[in-house]
Amino acid sequence: MSELNLVLLGPPGAGKGTQAERLEEDFHLPYIATGNMLRAAVADGSDLGKQAQEHMKAGRLVPDELIIGLILECVEEDKCRDGFLLDGFPRNTEQAERLDAAMQKLDRRLNAALLIDVPDDEVVRRITGRRVCTKEGHVYHVETNPPKHDGVCDIDGSKLIQRDDDASDVIRERLSVYHEQTEPIVGYYEDRGVLKRFDGTRNPTEVHDHLRATIATLRLEDEI
Ligand code: AP5
């Protein structure tokens, strides 16, 4: 079977994590989410967590030297031999170039950068109402996707909380970081012919259907 090396792109709150959970099941790809890895490091109190915490709380990117080596190591692991789904990386041009270089060294290439597009005002609405579970990071929204029992994860029964960086002033900072530092890589991937755009304002099932169909087509094209 052909490889599926995929990157999910989009502003904070676009629905990358929501869609990744579904795509992981559809295509059985190792899911590498930099935000989840960093939050776990903060919770563990590791050196990485200690160095990342202040940047994350303020809505800034953590320094490249903390994240690039870590993610490239994951991509090079045996479990990613048949592909991967990256969420939250790359987040600036330096990270995109380093990922390309690592892939080339392995004689592999990125199949697609999947951009979930959502306007800023919708981002703010979504993130303000987001709740995540403390065990696995399962995602809810107080209005559009509430849990069955208030404050409790449907899947693993753990407590639901609001992320530190989901405070409204931090959301604004994360959005401006996205527009300044991450959006330029949309053009980078467009120039390389791997960018696929998705309307993230549709409901989660519609976004998922579109993503799944696109990825299935990519796989078929690669096998022909
Ligand atoms: P990270 O965890 O990657 O955060 P993010 O990119 O800001 O994305 P989010 O997790 O906020 O949103 P999402 O798109 O996954 O949306 P979700 O599915 O939850 O990064 C956090 C921080 O870590 C960064 O700020 C930075 O400091 C650091 N970091 C991470 N990677 C880094 C890197 N490579 N370099 C440097 N620093 C790095 O959905 C949001 C809400 O909307 C939910 O409530 C959900 O239920 C709802 N929703 C989802 N889809 C829909 C829909 N279609 N319609 C209506 N509601 C929806």
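Note: hydrogens, waters and symmetry copies are ignored here, and every other heavy atom, side chains too, is used. By convention here, the first residue in the shown sequence is residue 1.
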Task: Donor-acceptor under 3.5 Å (K16 side chain, G10 main chain) - done: yes
Task: Side chain to side chain, P204 and R22, heavy atoms closer than 4.5 Å - done: yes
Open item on the list: Around atom CZ of R202, are there more than 12 heavy atoms from other residues, nucleotides or ligands closer than 6.0 Å?
Closed with: no
- [ ] To the nearest 0.5 angstrom, please state how far the CD1 atom of I116 sits from the CG atom of L211.
- [x] 5.0 Å
Task: Minimum heavy-atom distance between A216 and F27, given as atom pair plus value - done: N-CZ, 4.0 Å
Open item on the list: If I take atom OH from residue Y140 and atom SG from residue C133, how far apart are they, to the nearest 0.5 angstrom?
Closed with: 6.5 Å
Open item on the list: Taking R109 first and then D100, would you say they form a salt bridge - that is, a charged N and a carboxylate O separated by under 4.0 Å?
Closed with: no
- [ ] Check whether L9 and I68 end up in the same hydrophobic cluster, where Ile, Leu, Val, Met, Phe, Trp and Tyr are linked by side-chain heavy atoms less than 4.5 Å apart.
- [x] yes
Open item on the list: Is any side-chain heavy atom of L85 closer than 4.5 Å to one of P30?
Closed with: no
Task: Minimum heavy-atom distance between A20 and L8, given as atom pair plus value - done: CB-CD1, 3.9 Å
Task: Interatomic distance, L86 atom CG to L6 atom CG [nearest 0.5 angstrom] - done: 9.0 Å
Open item on the list: Can you tell whether the side chains of E122 and R125 come within less than 4.0 Å, N to carboxylate O?
Closed with: yes
Task: Under the ring-ring contact (aromatic ring centres under 6.0 Å, His included) test, residues paired with F89 that sit two or more places apart - done: none
Open item on the list: As an exercise, state the distance from CG of N36 to CG of D87, rounded to the nearest 0.5 Å.
Closed with: 7.0 Å
TODO: Kindly check if the number of other-residue, nucleotide or ligand heavy atoms within 6.0 Å of CG (D169) is above 12?
DONE: yes
- [ ] Might you point out which heavy atoms bring L175 and P11 nearest each other, and give the distance in Å?
- [x] CD2-CB, 4.4 Å
Open item on the list: For the backbone of L99 and the side chain of Q104, can you confirm whether one donor and one acceptor N or O come within less than 3.5 Å of each other?
Closed with: no
Open item on the list: Looking at every heavy atom in both I71 and M37, which two are closest together, and how far apart are they?
Closed with: CD1-SD, 3.8 Å
TODO: Determine yes or no for a side-chain-to-main-chain donor-acceptor pair under 3.5 angstrom, with Q95 supplying the side chain and R91 the backbone.
DONE: yes
Task: side-chain contact (heavy atoms from CB on, under 4.5 Å) between R130 and V139, worked out - done: CA-CA 7 Å; R130 171 166 57 189; V139 179; 3.9 Å; yes
Open item on the list: In the structure I gave you, are the side-chain heavy atoms of V132 and L160 within less than 4.5 Å of one another anywhere?
Closed with: no
Open item on the list: Quick one: does any side-chain atom of T182 pair with a main-chain N or O of N92 as donor and acceptor, under 3.5 Å?
Closed with: no
Open item on the list: I'd like to know if R108 pairs up with E3 as an ion pair, taking the criterion as any Lys NZ or Arg NE/NH1/NH2 lying under 4.0 Å from an Asp or Glu carboxylate oxygen.
Closed with: yes
Task: Atom CZ of R172: over 12 foreign heavy atoms under 6.0 Å - done: no
Open item on the list: Is there a path of hydrophobic side-chain contacts, each under 4.5 Å between heavy atoms of I/L/V/M/F/W/Y residues, joining V42 to I32?
Closed with: yes
Task: Single-linkage hydrophobic cluster L195~V207, side-chain heavy atoms < 4.5 angstrom - done: no
TODO: Of all the heavy-atom pairs spanning P12 and Y178, show the shortest one and how long it is.
DONE: CD-CB, 4.0 Å
Open item on the list: Whether the side chain of T134 engages the backbone of S158 through a donor-acceptor N/O pair (distance < 3.5 Å, no angle test) should be reported.
Closed with: no
TODO: Using the rule that two of Ile, Leu, Val, Met, Phe, Trp, Tyr join whenever any of their side-chain heavy atoms come within less than 4.5 Å, decide whether L61 and Y188 are in one cluster.
DONE: no
TODO: Mark yes or no for whether D154, through its side chain, and P147, through its backbone, hold a donor-acceptor pair below 3.5 Å.
DONE: no
- [ ] Please check if V177 and V123 belong to a single hydrophobic cluster, counting links between Ile, Leu, Val, Met, Phe, Trp and Tyr side chain heavy atoms closer than 4.5 Å.
- [x] no
TODO: Decide side-chain contact (heavy atoms from CB on, under 4.5 Å) for L218 and K196; before the verdict, give the C-alpha distance in whole Å, the side-chain angles of both, and the deciding distance to 0.1 Å.
DONE: CA-CA 11 Å; L218 280 173; K196 307 276 177 200; 4.1 Å; yes
TODO: Could you tell me the separation between the CE atom of M56 and the CZ atom of R163, rounded to the nearest 0.5 Å?
DONE: 7.0 Å
Open item on the list: Side chains of D44 and S46 only: does a donor on one sit below 3.5 Å from an acceptor on the other?
Closed with: no
Open item on the list: Nearest 0.5 angstrom please: L114 CG to F198 CZ, how far?
Closed with: 5.0 Å
- [ ] Tell me, with the steps shown, if L23 and L29 meet side-chain contact (heavy atoms from CB on, under 4.5 Å).
- [x] CA-CA 8 Å; L23 296 175; L29 290 171; over 6 Å; no
Open item on the list: Please check: side-chain N/O of H141 versus main-chain N/O of T144, any donor-acceptor pairing under 3.5 Å?
Closed with: yes
Open item on the list: If I compare all heavy atoms of G157 with all of V152, which pair ends up nearest, and what's the gap?
Closed with: O-CG1, 3.6 Å
Open item on the list: Between H179 and D120, is there a side-chain donor-acceptor contact under 3.5 Å, judged purely by atom types and distance?
Closed with: yes
Open item on the list: Checking salt bridge (charged side-chain N to carboxylate O under 4.0 Å, His left out) between D166 and each of K57, R174, R131, R126, which is the one that passes?
Closed with: R174
Open item on the list: Checking E190 against R197 for the side-chain contact (heavy atoms from CB on, under 4.5 Å) test, could you report, in this order, the C-alpha distance in whole Å, the side-chain angles of both residues, the deciding distance, and whether it holds?
Closed with: CA-CA 10 Å; E190 200 153 36; R197 287 178 189 270; 3.7 Å; yes
Open item on the list: Do L38 and I67 have side chains that approach each other closer than 4.5 Å (heavy atoms only, starting at C-beta)?
Closed with: yes
- [ ] Could you tell me whether the side chains of H208 and D26 share a donor-acceptor contact shorter than 3.5 Å?
- [x] yes
